[in-house]
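Remember, it's 1-based here, ligands and their atoms both numbered in the order they're listed.
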Amino acid sequence: MCGILGLLLHDPSIDAAPEIAEGLSLLQHRGQDACGIVTCGPKGRFYQCKANGMVRDIFDASALSRLVGAMGVGHVRYPTAGSFNNAEAQPFYVNSPYGIVFAHNGNLINTASLLQFLDAEAHRHINTSSDSELLLNIFANNLQQTGKFRINEDDLFTAIGLMMKQCKGAYACVAMLAGFGIIAFRDPNGIRPVGMASRNAATGGKDYIFASESVVADASGFVDWEDVKPGEAIIITRSSISRRQVAPPATFAPDIFEYVYFARPDSVLDGVSVYRSRMAMGDALADEVKRVLEEHNLTVDVVIPVPDTSRVAALNLAQKLQLPYREGFIKNRYVGRTFIMPGQQMRKKNVRRKLNAMALEFANKNVLLVDDSIVRGTTSREIIQMAKDVGAKKVIVASCAPPIR
Ligand SMILES: O=P(O)(O)OC[C@H]1O[C@H](OP(=O)(O)OP(=O)(O)O)[C@H](O)[C@@H]1O
Ligand SMILES: NC(=O)CC[C@H](N)C(=O)O
Ligand SMILES: [Mg+2]
């Protein structure tokens with residue numbers, strides 16, 4: 001899932017870009033394919049840099065020095081719609097009306113009808129196959145309908161509320177209006193996360209941040225983290241904060257996979273610690289493992305996690321079952337997350353590059369491998385073979401995420 005970020009610094013003489021890049025690197029686990037930053041400088045002019053690649057590769061000192069302005073929006077992308085083309089790297093920009101920059105985390109499900117509407121009725125040109133570009137253009141079209149030379153918060157809330165009626169699916173977004181401010185909103189079901197925090201600026205006044213996960217706020221000294229509510233929009237300008245419930249309450253349906261895998265363990269999403277939720281998953285899995293082992297008359301000598309994400313749950317499981325816990329797979333820290341890599345070949349190759357089995361911890365043992373999830377089965381297939389190759393007597397795999405029926 002992508003990572004989104006918005007920053008507005010109180011002191012207009014400080015550039016926001018270095019801190020946005022820092023924040024994006026803390027969200028890198030949410031998207032490794034592309035990243036981008038757009039800032040807004042004097043006279044409402046936007047400065048943009050986006051490309052395929054990791055944050056540390058795209059945002060070197062020279063790229064950052066060209067991003068002028070005390071407010072901006074950033075994005076790290078894990079493509080879930082459209083293509084891997086760098087034209088679909090975010091944030092997206094439209095010049096009309098007012099100049100809007102937009103970063104989206106989520107997936108729309110009614111893209112065909114939105115595209116038809118934008119083409120046939122709104123006459124807006126869509127240049128990529130990204131659903132995020134559709135969302136932005138629906139928002140822009142709604143704002144255009146005001147016909148005003150200058151808009152205010154009320155107009156923005158109305159446009160976002162209408163957009164929430166038109167667009168179906170998951171969307172947590174951060175937007176920026178040229179010379180105006182930054183905006184965050186979240187779909188009425190709260191499927192994807194986004195929150196807000198503030199800190200006292202050195203020159204008085206406050207700096208504000210929007211981010212997918214609270215870890216970004218923690219790391220840069222922001223406090224009072226709060227989640228944007230499902231169906232809520234928040235607008236922050238240089239002089240005010242306004243917030244409004246723009247869509248009627250719907251069933252709260254946050255994506256469980258954020259807790260299982262996507263989010264960093266040190267983040268707190270919608271008041272629930274990701275770390276603690278993974279501990280609880282380990283506890284629950286321990287009960288199930290105990291039941292299955294008894295049912296099949298099996299014994300386990302050692303619990304081995306599949307790094308990285310499953311380690312928290314695996315440790316709790318081992319403690320609860322009073323079994324030894326060993327880090328039998330060592331992870332190459334320079335290889336990223338395989339599940340969000342593009343293409344099956346690349347994912348398969350990288351599981352082997354990423355994990356190495358220590359024979360000493362596997363040989364002649366009944367091993368219980370614990371993973372947070374089995375999605376395509378790429379990881380489990382490889383690691384079972386790796387465990388066998390180094391002499392495991394029996395390999396049992398347990399996954400925290402139950403089967404989807
Ligand atoms: O069944 P699959 O399609 O292989 O997907 C599931 C696996 O992918 C993820 O790991 P990943 O390597 O992406 O990241 P991690 O290091 O955070 O565990 C997840 O933690 C599982 O291990
Ligand atoms: N992971 C995401 O949130 C992706 C956002 C958007 N659907 C894209 O593919 O760019
Ligand atoms: Mg994993």
Qualifying side chain to side chain donor-acceptor pair (under 3.5 Å) pairs with a residue from residues 107-119, counting only residues at least two apart or across chains: T80-N107
Aromatic ring proximity, centroids under 6.0 angstrom, F180 and Y98: no
Aromatic Y261 / basic R337 pairing, under 6.0 angstrom, 45° off normal: yes
Ligand 1: protein residues within heavy-atom distance under 4.0 Å: Y261, P307, D308, T309, R337, T338, F339, K354, D371, D372, S373, I374, V375, R376, G377, T378, T379
Exercise answer, ligand 2 polar atom pairs (N/O) under 3.5 angstrom:
unit_1: ligand 2; atom_1: 1 (N); unit_2: C2; atom_2: N; d: 3.0
unit_1: ligand 2; atom_1: 1 (N); unit_2: Y78; atom_2: O; d: 2.8
unit_1: ligand 2; atom_1: 3 (O); unit_2: C2; atom_2: N; d: 3.3
unit_1: ligand 2; atom_1: 3 (O); unit_2: N105; atom_2: ND2; d: 2.7
unit_1: ligand 2; atom_1: 3 (O); unit_2: G106; atom_2: N; d: 2.7
unit_1: ligand 2; atom_1: 7 (N); unit_2: T80; atom_2: OG1; d: 3.0
unit_1: ligand 2; atom_1: 7 (N); unit_2: G106; atom_2: O; d: 2.9
unit_1: ligand 2; atom_1: 7 (N); unit_2: N107; atom_2: OD1; d: 3.4
unit_1: ligand 2; atom_1: 7 (N); unit_2: D131; atom_2: OD1; d: 2.7
unit_1: ligand 2; atom_1: 7 (N); unit_2: D131; atom_2: OD2; d: 3.3
unit_1: ligand 2; atom_1: 9 (O); unit_2: R77; atom_2: NH2; d: 3.1
unit_1: ligand 2; atom_1: 9 (O); unit_2: T80; atom_2: N; d: 3.0
unit_1: ligand 2; atom_1: 9 (O); unit_2: A81; atom_2: N; d: 3.2
unit_1: ligand 2; atom_1: 9 (O); unit_2: A81; atom_2: O; d: 3.3
unit_1: ligand 2; atom_1: 10 (O); unit_2: R77; atom_2: NE; d: 2.6
unit_1: ligand 2; atom_1: 10 (O); unit_2: R77; atom_2: NH2; d: 3.2
unit_1: ligand 2; atom_1: 10 (O); unit_2: Q90; atom_2: NE2; d: 3.3

Under-4.0 Å salt bridge between E19 and R199: yes
Contacts of D301 that satisfy salt bridge (charged side-chain N to carboxylate O under 4.0 Å, His left out) - sequence neighbours left out: none
Proximity of Y93 and F102 rings by center, below 6.0 Å: no
Test salt bridge (Lys or Arg N to Asp or Glu O under 4.0 Å) applied to E226 and R243, step by step: CA-CA 13 Å; E226 60 173 313; R243 53 199 304 167; 3.0 Å; yes
Ionic contact status for K148 with D155, cut-off 4.0 Å: yes
F362 and F329 aromatic centres sub-6.0 Å: yes
